[in-house]
Structures are given as C-alpha cells and as structure tokens.
Amino acid sequence: MPKPDCVVIGYNEGDFHDYRLMCERSGPQSPEWQIYRKEYLEIDGRPMPWMDALSTLRNKATHRSDRYHVGEVFNLASLYLTNFLRKNGIYADAVSLFSAEREHLAALLAQRPAVVAITTTFYVNILSVTPIVEFVREHAPDAHIVVGGPLVDNLCLDGITDEVQDMFHGMGADSYVRESQGEATLLELCRLVKAGKPVGAVPNLITCSDYDWVAGLRVAEANDLDACSIDWRGFSLAQIGVTAQTRTARSCAFKCSFCDYPTRAGALTTASVDTVRQELRQMAEMGVRNLVFVDDTFNVPPKRFKELCRMMIEEDFGINWYSYFRCSNARDDETFDLAAQSGCRGVFLGIESGDSDILANMNKLAQDSQYRVGIERLKERGITTFASIIVGFPGESERTIQNTIDFVNETGPTFWRAQPWWGNPRSPVYKSKDILGIEGAAYDWSHATMNSREAAVWCDKMFDQVTESVWLPLYDFDFWALPYLEGKGLKVDDLVPLLRTTQSIMRERDRDGSDPALLATLNEKLAKDVAALDMAPSRFSYASA
C-alpha cells in the first residue's frame with residue numbers, strides 16, 4: 001500500500017466510566033441517569049455496557065480475549081471519505097474504531113500523513129474527540145488535524161460564540177469543517193496541505209488566526225451520490241468483514257417537529273438503482289453477507305423502494321439487509337412481499353408514540369393504525385421489528401403514555417426502547433414553544449403537560465409494563481447491533497432470551513427490596529446461556545485495545 005496522504009478516523013465510543021459519572025452528576029431523577037440504568041450490567045462488581053458484558057462472559061468460557069463491538073462494522077463516514085479522496089487523487093486510509101485500533105492507527109501515523117481527518121457522526125460533545133487529537137499529536141506531530149461532521153455543524157449553529165471558541169481550543173485540532181456534507185472541503189484541504197500551501201481561504205473551513213477561530217466563506221456542497229458511490233474493490237474483506245453499511249440517499253423527505261435534520265441536510269437526494277446495484281455486486285463478490293442501509297427512510301419514495309427490491313431479487317446477492325422503515329409509506333402487500341423476498345431481515349421503526357394526538361403533534365403524518373398493520377405485515381414475513389419510542393413530547397400525559405404501552409403490547413414488535421424526549425431548540429416544535437409552554441432544552445425541560453424528570457419516571461414504568469416486546473440496549477448496541485451479531489452467528493432467536501434475562505436482572509437490581517439470591521440466579525443463567533453460544537471470534541481484542 002502507498003503512504004497515505006490522509007488518514008480518516010471513525011468512531012471513538014469514549015470511556016463508559018466517564019459516561020456513568022456524567023449521568024450521576026445529572027442527578028438521580030434525571031433522564032440521563034434513567035437511561036444509564038437501562039444500559040449496564042454488573043459483571044464481577046464492574047458496571048459495563050451490554051456488549052462488553054457479552055464479551056466478558058464469553059471470554060470466561062472460551063479463555064479468549066474477544067471484544068465484540070458494533071465498531072467492527074466499518075464506520076461508514078470514514079469509509080465514504082476515504083473512498084471520496086481516493087477517487088479524487090488523494091490516497092487515504094481509514095480506521096473504524098479508535099479505541100480498538102490504536103496499534104493500526106499508530107502504524108499509519110508513523111508514515112507521516114499530511115492530514116488526519118476526524119469524523120464526529122455520533123458525538124454530542126467534544127469528550128470523544130480530544131483523546132484522538134492527543135494520540136495523533138503524539139504519533140504524527142506534523143500532521144494537519146481537521147475535525148468535521150455533525151458535532152462541528154451543531155456547535156456552530158449559533159455562530160462561533162465564545163463558548164465555541166473555547167471548545168475548538170479544547171479539542172486541539174488545526175481546523176474544523178462546517179458543512180453538512182464536507183467532502184469537497186476535505187479534498188481541497190488535503191490538496192493544499194500536501195502542496196505546502198495555506199488553507200485559510202478554503203470554503204467551509206474554520207481556522208485559527210491570532211488565537212481566534214475564524215470561519216471561511218460558506219459554500220453549500222451538493223455532492224452527487226452516484227459520482228461519490230463507494231468502490232468496494234478498494235477494500236478487503238479483512239477490513240470490512242461480513243457485515244457492512246452503505247447509503248443510497250441523503251437527508252429525509254419528512255419534517256417531524258422534533259427533528260431539524262432535514263433542514264440542515266437539505267432536500268432528499270437519492271442514488272440511482274444502477275449505482276446501488278454496482279455497489280451491492282462488489283460487496284457480494286468480496287463476501288459481505290449482512291448489509292445495513294443507513295438511509296433515514298429506506299422505503300421512501302415507495303416506487304423507488306420497489307425498484308430497489310426487484311433489483312436485489314433479480315441479482316440474488318445472497319445478502320440479508322436491515323434498514324429504517326416507515327410503515328405509513330408501505331401502502332400495499334406487494335411492498336412487504338418485495339422487502340422479504342429481497343432479503344430484508346430487520347427494520348428500525350420510528351414509531352415514537354402509540355397515541356394519535358401525540359403523532360399529530362409530532363407531525364409524523366402517520367396513524368397508529370398504519371403502524372399496527374405495518375408491524376403485523378412485517379411479522380408475518382419473519383422480519384425483525386424494532387419500535388423506537390419518545391416519551392414526554394409536548395402534549396404527553398398519563399393517558400397518551402398508557403396508549404403507547406397498550407400499542408407496544410398489542411402489536412408486539414420484536415424489540416422496543418423508550419427514551420425521554422430530547423428538546424432540540426432548533427427543531428420545528430420550538431417555534432411554538434410559547435403556545436406549548438416549553439422551557440429549557442436537551443434533557444432539562446418542561447412544558448404544559450410534563451417535565452423531563454416525569455418523562456424519565458414514565459420510561460421506567462414502561463420498562464416494567466411492556467411485556468410483549470423485548471427491550472433493546474442503546475450504548476454501543478442499538479438496532480444496528482443485530483446485523484453485526486448475525487454476522488458473528490448470534491441469531492435474533494438466540495438474542496431474544498438473553499435480552500429477556502437482561503431485563504429481569506435490571507428490574508430486580510433496581511427495585512426497592514431486591515432479592516440478592518434471585519439476582520444471583522439470574523446472573524448465573526445469563527452467564528450459562530452466553531457460554532453456550534456458538535459465535536465466531538471478534539476482530540477486536542481487549543489485549544490490543
């Protein structure tokens with residue numbers, strides 16, 4: 001392999017102990033603490049997220065050092081940017097999971113790349129960025145470090161305030177990309193740094209001048225998805241593995257009132273069916289067997305979705321796929337039939353609520369009846385379903401929450417999870433904040449019918465009262481762990497009883513007057529069931545972390 005001009009770094013999940021401390025500081029009644037308590041198991045007296053618990057219990061039985069982690073599925077942002085740079089004459093290489101690939105990253109940095117790009121797709125604060133920057137400074141002190149992605153975009157929505165100035169200095173990078181796409185900006189930066197030229201005039205780039213961070217000219221990018229499609233032949237199966245991610249569209253066609261993403265990402269843009277065909281052919285040839293379409297709503301537009309399904313049926317790739325899915329846009333049995341026949345194995349359903357009034361408040365353009373029919377049709381075809389629920393949106397009450405509990409129990413999706421509403425001041429609902437009585441934001445809010453702490457209590461009650469669906473963890477897990485675990489040999493039918501036992505452990509552990517003997521029995525059952533699994537080894541190891 002040639003020396004990389006640019007190294008792209010994907011995800012850094014951060015330290016779980018630090019996450020716990022952050023949640024503790026939010027207070028015992030806070031949404032953050034409520035979410036945390038449904039994220040961890042305790043193994044040998046040490047709290048750890050579910051996937052680490054799985055790894056630890058497996059290693060006790062196998063005497064290995066496997067670290068199962070969804071980061072084995074190569075980070076799509078880093079893969080996409082690497083491919084984009086290569087297509088445009090800049091040789092790039094990528095690292096998917098920082099914490100698990102430090103040795104590999106150090107080897108790449110030892111080759112002295114001109115630029116190191118850090119993506120921030122899943123970050124809500126700078127805590128995950130700073131250790132990466134420090135690591136790069138140690139191993140490649142002359143490299144130009146650039147940070148881009150949603151974190152930078154979100155930080156700068158109100159301009160480069162004094163607080164943002166401090167955060168940029170705190171992260172310690174050389175520049176920051178402020179653009180919802182940013183590929184073209186990164187390319188121009190790489191070209192100039194490689195040529196030894198100044199970068200201050202690069203559009204969409206924020207650079208430091210006399211200790212102040214200054215934004216360059218804003219120029220909206222409109223990168224063509226067909227032209228930017230990934231050439232999977234440039235990567236090996238050893239890098240990618242049997243489970244991969246790709247996208248066929250950018251942005252979202254809907255305007256839910258709790259979400260500002262469509263405003264920031266622009267109009268829905270799609271790749272052609274032929275482009276998707278080409279990518280899937282390459283992936284199938286290299287050995288990919290499980291695929292995640294990360295499009296915000298894969299089955300929209302409906303006509304295009306059917307064309308994609310027919311193409312996958314015609315090609316017979318031998319690939320199982322997973323995606324977001326909008327039941328209100330699956331208008332006939334043919335849609336469900338084509339999905340199943342083309343290899344659909346699981347769908348993420350943004351249900352949000354089982355109450356029609358709350359759905360109307362959210363501008364979901366869907367009725368609970370459409371969700372009921374959709375879940376039934378999916379289940380009939382053996383497709384795994386995950387229902388995501390928001391608790392506490394303006395208008396929420398005991399009645400509406402009970403309707404949601406009844407909905408989940410009556411429809412019985414395979415998996416579900418509820419979280420308190422996260423108040424985003426830039427989302428459309430905040431335009432009506434005076435009418436709705438909204439005060440505060442993030443996980444510290446109140447409105448005319450509820451506050452964030454009450455929403456956290458209701459999430460706990462739902463956890464106990466929903467019995468016909470299985471709770472799905474979030475931290476380093478979420479719905480996207482299903483195709484990853486499938487690739488390791490852990491099927492949904494094997495995962496469901498493990499998660500049911502997990503729920504029982506959490507309920508018993510957190511209730512007043514818990515029974516230590518029962519808790520010990522449940523933990524022993526989980527350990528025994530995990531030890532009996534037939535799973536392929538992980539690519540990552542605790543020994544090399």
Side-chain angles (χ1 to χ4, degrees), residues 1 7-19 39-41 43-44 46-79 82 93-110 116 118-119 121-123 128-129 131-132 134-136 139 235-245 286-292 473-490 494-495 498 530-531 533-545:
M1 286 288 187
V7 172
V8 185
I9 303 174
Y11 181 55
N12 177 23
E13 80 275 44
D15 184 271
F16 191 69
H17 178 67
D18 291 343
Y19 171 65
E39 296 295 350
Y40 80 95
L41 291 170
I43 309 295
D44 297 331
R46 185 163 64 95
M48 59 183 69
W50 199 92
M51 201 72 85
D52 277 352
L54 172 72
S55 302
T56 301
L57 294 174
R58 283 285 301 164
N59 290 337
K60 286 187 174 188
T62 62
H63 306 291
R64 294 177 55 86
S65 188
D66 288 317
R67 185 189 181 193
Y68 294 100
H69 196 289
V70 289
E72 272 195 69
V73 180
F74 213 102
N75 178 269
L76 183 59
S78 59
L79 192 70
T82 297
D93 212 330
V95 168
S96 178
L97 183 64
F98 170 71
S99 64
E101 299 183 89
R102 290 172 183 258
E103 290 183 9
H104 176 51
L105 176 58
L108 291 174
L109 296 176
V116 175
I118 299 173
T119 66
T121 305
F122 302 105
Y123 302 158
S128 294
V129 177
I132 304 178
E134 291 169 358
F135 187 91
V136 174
H139 290 85
F235 305 92
S236 68
L237 183 62
Q239 286 178 291
I240 304 302
V242 297
T243 304
Q245 298 179 343
M286 73 186 297
V288 171
R289 291 296 172 260
N290 302 291
L291 180 62
V292 178
L474 175 63
Y475 190 99
D476 285 343
F477 198 93
D478 209 357
F479 174 76
W480 314 113
L482 302 183
Y484 165 66
L485 292 172
E486 175 90 12
K488 293 298 178 185
L490 181 55
D494 298 316
L495 179 62
L498 298 179
V530 169
L533 297 172
D534 183 16
M535 294 182 66
S538 66
R539 182 162 68 92
F540 299 148
S541 168
Y542 286 113
S544 62

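The salt bridge (Lys or Arg N to Asp or Glu O under 4.0 Å) contacts involving residues 55-66 comprise Asp44-Lys60, Arg64-Asp66, where partners must be two or more places apart or lie in separate chains.
By the ring pair (Phe, Tyr, Trp, His ring centres under 6.0 Å) test, Phe135 pairs with Phe98, His139, sequence neighbours left out. Phe477 is linked by a ring pair (Phe, Tyr, Trp, His ring centres under 6.0 Å) to Trp50, counting only residues two or more places apart in sequence or in another chain. With sequence neighbours excluded, the residues that form a side-chain contact (heavy atoms from CB on, under 4.5 Å) with Ser96 are Phe74, Asn75, Glu101. Under the side-chain hydrogen bond (donor to acceptor under 3.5 Å, both in side chains) criterion, Asp478 pairs with Arg417, sequence neighbours left out. Looking at residues two or more places apart in sequence or on another chain, you find a side-chain contact (heavy atoms from CB on, under 4.5 Å) between Met286 and Trp232, Ile240, Val288. In this view, Glu39 satisfies the salt bridge (charged side-chain N to carboxylate O under 4.0 Å, His left out) rule with no residue, not counting sequence neighbours. Taking the side-chain hydrogen bond (donor to acceptor under 3.5 Å, both in side chains) definition, one finds that Gln245 meets it with nothing, sequence neighbours left out. Annotation: side-chain contact (heavy atoms from CB on, under 4.5 Å) contacts of Thr82 (sequence neighbours excluded): Val8, Arg86, Ala92, Ala94, Phe235. Listed by chain and number, the residues in a side-chain hydrogen bond (donor to acceptor under 3.5 Å, both in side chains) with Tyr68 amount to none (sequence neighbours excluded).
Going from atom CG of Asp534 over to atom CG of Asp494 covers 9.5 Å, rounded to the nearest 0.5 Å. One distance of note links CG of Asp93 with CG of Leu108; it measures 5.0 Å at 0.5 Å rounding. To the nearest 0.5 Å, atoms OG1 (Thr243) and CG (Leu482) are separated by 11.0 Å. To the nearest 0.5 angstrom, Leu490 atom CG is 5.0 Å from Leu495 atom CG.
Looking at Ser128, its side chain does come within 3.5 Å of a backbone N or O of Asn12 through a donor-acceptor pair.
A donor atom on one side chain and an acceptor atom on the other are not found under 3.5 Å apart for Asp52 and Tyr475.
When each of Ser99, Ser538, Ser55 is tested with Arg67 by the rule side chain to side chain donor-acceptor pair (under 3.5 Å), just one qualifies, namely Ser99.
Around NE2 of His17, the count of heavy atoms belonging to other residues, nucleotides or ligands within 6.0 Å does not exceed 12.
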